[in-house]
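All remarks here apply to the structure that follows.
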Amino acid sequence: RQRLEELQRAGELAIRRRQRRTKQAIIGSVVILLLVAVAMGFFALRQQRLTAIADAQQRGDDALQAADFNGAIEAYSEVIRLDDTVADAWAGLALAKLQHTPPDVSGAFGDLERSEALSPDGEKTQQARQLAHVQRAIERANAGSVTEALQDIGEAEKLAAPAEDVAAAKSAVSSAYLKLAEAAVVAKQPESALKELQEARTILPQSDQLSRVSQMIAEAFLDRADAS
């Protein structure tokens with residue numbers, strides 16, 4: 001009888017061990033399944049994010065190409081919100097701001113700095129760098145800061161900016177000099193006006209405005225001669 005009880009206890013112990021091993025195996029399987037599910041979920045989210053970034057970047061490029069600068073700014077900003085290490089998004093944002101009406105030159109230079117830090121030799125970065133100096137030259141010329149504007153034109157030419165863009169900047173600087181010449185004529189200072197006219201002619205040899213201001217200065221000298 002004692003032997004029977006020992007065998008019974010041994011059997012019960014073996015059953016409990018098998019049950020414990022089965023439970024552990026089930027728990028292990030559940031943990032593995034959970035880890036696989038988490039990994040698959042993470043991968044799916046990552047792919048979804050990458051797809052969203054690519055879609056937004058494409059929308060920005062298409063909008064920029066179509067001269068929809070508001071749309072481009074919105075799309076590139078979405079890319080940056082999802083991933084602020086996409087250099088082309090920063091460069092595209094700068095290009096859109098530079099071509100917007102009115103252009104946001106200061107904001108574009110800030111975006112350009114981020115693009116240059118990520119991809120200094122990228123095609124979009126180079127395009128943005130060229131246009132940024134052209135647009136800042138125009139902005140400075142319109143504000144009467146001709147010396148600074150000329151510095152930007154020099155930078156744009158070093159960067160091989162498109163000739164038509166450089167010409168637009170030079171036209172703005174020439175106009176700024178001619179405005180100074182007109183102001184000198186009004187102030188009865190034809191010598192100063194002539195100096196500003198020569199500066200304008202150096203930058204842009206021919207224009208209707210140049211001819212008009214030349215006539216004004218000539219008349220100012222004649223008036224002085226008559227008065228004397």
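By convention here, the first residue in the shown sequence is residue 1. Everything quoted here is computed from the prediction, not taken from an experiment. Atom set for the values below is all heavy atoms of this structure, side chains included, hydrogens, waters and symmetry mates excluded.
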Tell me, yes or no, whether the heavy-atom count around Glu123 atom CD, taken from other residues, nucleotides or ligands under 6.0 Å, exceeds 12. no
Ion pair Arg59/Glu78, N-O distance below 4.0 Å: yes
Carboxylate-amine/guanidinium proximity below 4.0 Å for Glu113 and Arg129: no
Look at the side chain of [X] and the backbone N and O of [Y], then say whether any donor-acceptor pair between them is shorter than 3.5 Å.
X	Y	value
Trp90	Asp84	yes
Gln126	Asp121	yes
Ser207	Leu210	yes
Asn142	Ile138	yes
Ser171	Ala167	no
Ser145	Ala141	no

Value rounded to 0.5 Å, distance of [atom1] in [X] from [atom2] in [Y]:
X	Y	atom1	atom2	answer
Ile53	Gln48	CD1	CD	11.0 Å
Leu197	Ser214	CG	OG	4.0 Å
Leu222	Ile217	CG	CD1	12.0 Å
Lys124	Leu64	NZ	CG	6.5 Å
Asp83	Gln57	CG	CD	10.5 Å
Glu182	Gln209	CD	CD	6.0 Å

Checking side-chain polar atoms at under 3.5 Å, does [X] have a donor or acceptor matched by the opposite partner on [Y]?
X	Y	value
Asp61	Tyr76	yes
Gln151	Glu155	no
Asn70	Glu74	no

Is the shortest heavy-atom distance from the side chain of [X] to the side chain of [Y] under 4.5 Å?
X	Y	answer
Arg212	Asp208	no
Asp88	Val79	no
Glu191	Phe221	yes
Val134	Asp152	no
His100	Asp104	no
Ile73	Ser77	yes

Path from Leu93 to Leu131 over hydrophobic side-chain contacts below 4.5 Å: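 Cluster IDs for Leu93 and Leu131 match.
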With the 4.5 Å side-chain cut-off for hydrophobic clustering, are Val213 and Val185 part of the same group?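 In one cluster with Val213: Val185, yes.
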Atom of [X], atom of [Y] and distance for their closest heavy-atom approach:
X	Y	result
Ala56	Ala75	O-CB, 3.5 Å
Ala63	Gly71	CB-C, 3.9 Å
Ala128	Ala91	CB-O, 3.9 Å
Ala132	Leu112	CB-CD2, 4.1 Å
Tyr177	Ala200	CB-CB, 3.7 Å
Val166	Ile153	CG1-CG2, 4.3 Å

So which of Lys170, His133, Gln130 actually passes side chain to side chain donor-acceptor pair (under 3.5 Å) with Glu157?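 For Glu157, the side chain to side chain donor-acceptor pair (under 3.5 Å) test succeeds with only one of Lys170, His133, Gln130, which is Lys170.
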Pair Val86, Ile80 - check side-chain contact (heavy atoms from CB on, under 4.5 Å), show working. CA-CA 7 Å; Val86 181; Ile80 291 167; over 6 Å; no
Checking side chain to side chain donor-acceptor pair (under 3.5 Å) for the pair Ser115/Thr125: CA distance, chi angles, key distance, verdict? CA-CA 6 Å; Ser115 177; Thr125 299; 2.5 Å; yes
